[in-house]
Peer 1: 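Sending over a structure as structure tokens; questions will come in a sec.
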Number of protein chains: 2
Amino acid sequence: MKAHQVTIKDIAKILGISISTVSRALKNHPDISEETKVQVKDLAHKLNYEPNALALNLRRSKTNTIGVIIPEIIHHFFSSVISGIEDVAYDMGYNVMICQSNESYEREVINAQALLCNRVDGVLISIAKTTLDFDHFRHFTNQGIPMVFFDRICPDIMTDRVITNDEGGAFLATEHLIKIGCKHIAHFAAPQHLLIGQGRFAGYQRALKQYQIQFDPRLVLNCNTRDGAFEKAAQFLNDNPDVDGIFAVNDNTAIAVMQIINKLGKKIPEDIAIVGFGDGPDALITSPPLTTIEQKGYDIGTEAVKLLIHRIENESSSDSFQTKVIPPNLIMRESTDKENVLSANV
Amino acid sequence: MKAHQVTIKDIAKILGISISTVSRALKNHPDISEETKVQVKDLAHKLNYEPNALALNLRRSKTNTIGVIIPEIIHHFFSSVISGIEDVAYDMGYNVMICQSNESYEREVINAQALLCNRVDGVLISIAKTTLDFDHFRHFTNQGIPMVFFDRICPDIMTDRVITNDEGGAFLATEHLIKIGCKHIAHFAAPQHLLIGQGRFAGYQRALKQYQIQFDPRLVLNCNTRDGAFEKAAQFLNDNPDVDGIFAVNDNTAIAVMQIINKLGKKIPEDIAIVGFGDGPDALITSPPLTTIEQKGYDIGTEAVKLLIHRIENESSSDSFQTKVIPPNLIMRESTDKENVLSANV
DNA sequence: AAAATTTCCGCAATCGTTTGCGGTTACGTT
DNA sequence: AACGTAACCGCAAACGATTGCGGAAATTTT
């Protein structure tokens, strides 16, 4: 059962020629006669020979493998990113090794070490929420292994980065609410120690300022999960009955809030319009469908891996590190369609 | 910049001892004196030495890596499976190499080949919809590399398998509709050349039979996607106005149908009750929330990888292959709650 | 016919690690 | 003093592939 994997050594022995000849024959080296080449190739095919990538990698000290460390693969955003990474990596001849940190710092450290041991050619990282220390990443740069951070970047380490324009997206969302006539716009925000939380809050504020709407800190609620919304949103809406627009820091929160608004008997968007952030598939199936800011996970993945492979294959070039910003995009749906613009199409 | 990776050879040279001593010192071999061990370990730590897994793997011809071939990582079901795989693999000291077939046969073949080259210790596979030929998988068995199929299994190859009980789940779903009083239950079905399509259709039929409801082929519609539903569902519901219950082959279809029903002005569940299959997070956020059959992706992943690792680590044991069936589970939500049982809890 | 090419192929080192076996010391025993 | 025996450590082969260099045979050139 345990079939010994076929090697060039086997082929050499059977054909009564040397190992090097077999190797060269398979590579179409000009030194080898046509006759020998045909013999070797035929036998190799007959025996289902597959070159041992381990041996190759060891010799070249290159694995053609890219490591990925992400918080959680089940989040639609991250699996979109991976999908993008995988597609490009595949086209460029790289394998992908995926590790989940599960938002745990300890596990992130171990993941990093595993990738180091396996001598990946480069690493793509989106850091865990609990990670505050970044020494485990410096090992990569010490060993000359390029890194690219995406979405949740590490501000302390100079590398290439790919991020969404959180501030700009939040601005778009808030501006949209203003333009459709909302006067009292609330913001359901992420913790301000996260860059995402900062950026989206800043965009919200800039939009208010630009349209000369007085910023009211009472309209900002620290709430960025589904569960959090079910805890706090109803009370918040009761306390602030004049709120007629909500910009939520992510779709999950927005959707939960919508469900609560529905339950309170208020109408969306007539009474309260709402915008999310993320554009997962969920935004399509709520009632009403949710206006949201596109967070192009797939594109972030492709951009990140392209940057990385470029670094890998041009290690000499000391191009300065760049930060690629994926431009935001507003997707308007019924949750902000006060004028019934969209229903005309149906 | 391009730092040479530290090897035991470097350590040996610096300390003026032999390579083998270094190797043994790091492994706590009893032949080595405490003094040497301390010296070696200290230096290794100081130099950030990481053992080269490539060399190790080559020598042991074992990579501690598991290959995964799945159709598409963005589907919630598959990313749940991967999450389960990753968690268990991590605990047991294995890495995971993920490949997407993107439902393409050609790509699946190339993925399989890549995993072969990289000498993975075992493979987890859910086959692409377009795959009709299975020779590329036989290479694994030829080389003695264990495989486990999950969800979309390959009936032609004898291996371990992990599947959901489609027939049983469909029976539960249909029985539930019957029990809440539906008399004319439609089935939105997947193509019958897929095992999933067959199983779920069979469960539907068995439930009808058991409760002495006449099977009406006109109530079975070949429709298993969101787009398909938007194409055909409205017409179907018009043609069959007496339908008061629907069992859809997956959640996506069910959700799209719900949106259509809503638009037609009918009430869920009063006019039409509906059950899906899959229990993605989507089922929670529709209005009303969707009753559905749990398809435990995470559990399927953990079971599959456990079976695989068992095979890997007991290659001698020729246990006969087993097929693990994950039992179905009905999750009742408002889309079938005619009696307002659930709202009592709110 | 001798010399110069060309054609084709093999030797051996290399990548980094493990490990069986053998070789040095130093110590204790008689 | 001679021997036995630990206690430590190094040599070298092995994993599978690539590749510079050198060498033998065949062919051409002079």
Side-chain angles (χ1 to χ4, degrees), chain A residues 2-41 43-44 47-65 116-121 143-145, chain B residues 2-41 43-44 47-65 116-121 143-145:
Chain A
K2 173 63 182 180
H4 156 81
Q5 303 257 44
V6 184
T7 70
I8 53 171
K9 202 183 284 185
D10 300 321
I11 299 181
K13 199 173 294 173
I14 296 178
L15 256 39
I17 58 180
S18 84
I19 295 179
S20 18
T21 304
V22 175
S23 171
R24 277 189 262 255
L26 291 171
K27 295 262 152 138
N28 263 325
H29 193 286
D31 269 9
I32 308 297
S33 69
E34 267 315 312
E35 198 192 333
T36 315
K37 281 184 188 170
V38 173
Q39 272 193 350
V40 171
K41 285 181 187 170
L43 187 58
L47 298 181
N48 277 325
Y49 167 76
E50 297 282 351
N52 187 324
L54 293 170
L56 250 159
N57 293 340
L58 176 60
R59 180 153 216 286
R60 300 179 311 166
S61 44
K62 177 145 191 331
T63 53
N64 272 51
T65 299
L116 261 181
C117 283
N118 281 285
R119 299 293 193 268
V120 291
D121 293 340
Q143 310 270 333
I145 299 176
Chain B
K2 173 63 184 179
H4 156 83
Q5 303 258 44
V6 184
T7 71
I8 52 172
K9 203 184 284 184
D10 300 321
I11 299 181
K13 199 174 293 172
I14 295 178
L15 257 39
I17 57 180
S18 84
I19 295 178
S20 17
T21 304
V22 176
S23 171
R24 278 189 261 253
L26 291 172
K27 297 262 152 139
N28 263 325
H29 193 285
D31 269 7
I32 308 297
S33 69
E34 265 316 310
E35 198 193 333
T36 316
K37 281 183 188 170
V38 172
Q39 273 193 348
V40 170
K41 286 180 187 171
L43 187 58
L47 297 181
N48 278 324
Y49 166 77
E50 296 283 351
N52 187 326
L54 292 171
L56 246 160
N57 293 340
L58 176 60
R59 181 152 214 286
R60 300 179 311 166
S61 44
K62 175 143 190 332
T63 54
N64 271 49
T65 300
L116 261 180
C117 283
N118 281 286
R119 297 296 192 267
V120 291
D121 293 339
Q143 310 269 333
I145 299 176

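Naming convention: chains lettered A, B, ... in sequence-line order (proteins, then strands); numbering from 1 in each chain.
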Peer 1: With no hydrogens and no angle check, is any side-chain donor or acceptor of B:Asn52 less than 3.5 Å from a backbone partner on B:Leu54?
Peer 2: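 Such a contact is found between B:Asn52 side chain and B:Leu54 backbone.
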
Peer 1: To check you understand the geometry: which heavy-atom pair defines the closest contact between A:Asp121 and A:Asn64, and what is its length?
Peer 2: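 Where A:Asp121 meets A:Asn64 most closely, the heavy atoms are OD2-N, 2.6 Å.
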
Peer 1: Taking only residues two or more places apart in sequence, or in another chain, which ones meet A:Lys41 in a salt bridge (charged side-chain N to carboxylate O under 4.0 Å, His left out)?
Peer 2: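 Listed in chain order: nothing, the list is empty.
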
Peer 1: So, using side chain to side chain contact (heavy atoms under 4.5 Å, CB included) as the criterion, who are the partners of B:Glu34 when residues are at least two apart?
Peer 2: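 By the side chain to side chain contact (heavy atoms under 4.5 Å, CB included) rule, B:Glu34 matches B:Lys37, B:Val38.
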
Peer 1: Residues in side-chain hydrogen bond (donor to acceptor under 3.5 Å, both in side chains) with A:Lys9, at least two apart?
Peer 2: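 Once residues adjacent in sequence are excluded, A:Lys9 has no partner under the side-chain hydrogen bond (donor to acceptor under 3.5 Å, both in side chains) criterion.
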
Peer 1: With the threshold set at under 4.0 Å for non-hydrogen atoms, list the residues of residues 10-20 of chain A touching DNA chain D in residue-number order.
Peer 2: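 Output list: A:Ile19, A:Ser20.
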
Peer 1: What range of DNA chain C does chain B touch, first nucleotide to last, counting atoms under 4.0 Å from its heavy atoms?
Peer 2: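 The contact span of chain B on DNA chain C goes from C:dC15 to C:dG20.
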
Peer 1: How would you list, by chain and number, every residue that makes a side chain to side chain contact (heavy atoms under 4.5 Å, CB included) with B:Asp31, sequence neighbours excluded?
Peer 2: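 Listed in chain order: B:His29.
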
Peer 1: Supply the atom-to-atom distance B:Ile17 CD1 to B:Thr36 OG1, rounded to the nearest 0.5 angstrom.
Peer 2: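 Output value for this atom pair is 6.5 Å.
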
Peer 1: How bent is the helix from C:dA1-D:dT30 to C:dT30-D:dA1, comparing axes over its five end pairs at each side, to the nearest 10°?
Peer 2: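 End axes: 70° apart.
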
Peer 1: Got a sec? Which of residues 23-38 of chain B come in under 4.0 Å of DNA chain C, heavy atoms?
Peer 2: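 Here the set is B:Ser23, B:Arg24, B:Lys27.
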
Peer 1: State the OG1-CG distance between B:Thr21 and B:Leu15, to the nearest 0.5 angstrom.
Peer 2: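 Answer rounded to 0.5 Å: 10.0 Å.
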
Peer 1: For B:Asp10, which residues count as a side chain to side chain contact (heavy atoms under 4.5 Å, CB included) partner, sequence neighbours excluded?
Peer 2: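 Result, side chain to side chain contact (heavy atoms under 4.5 Å, CB included) vs B:Asp10: B:His4, B:Val6, B:Thr7.
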
Peer 1: Using the test salt bridge (charged side-chain N to carboxylate O under 4.0 Å, His left out), find all partners of B:Lys13 that sit at least two apart in sequence or belong to another chain.
Peer 2: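 Per chain and number, B:Lys13 pairs via salt bridge (charged side-chain N to carboxylate O under 4.0 Å, His left out) with no residue.
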
Peer 1: Does anyone know the first and last nucleotide of DNA chain D in reach of chain B, 5' to 3', at under 4.0 angstrom to a heavy atom?
Peer 2: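 Span of nucleotides near chain B: D:dC8 to D:dG16.
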
Peer 1: Residues in side chain to side chain contact (heavy atoms under 4.5 Å, CB included) with A:Ser23, at least two apart?
Peer 2: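 Checked A:Ser23 against side chain to side chain contact (heavy atoms under 4.5 Å, CB included); matches are A:Ile8.
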
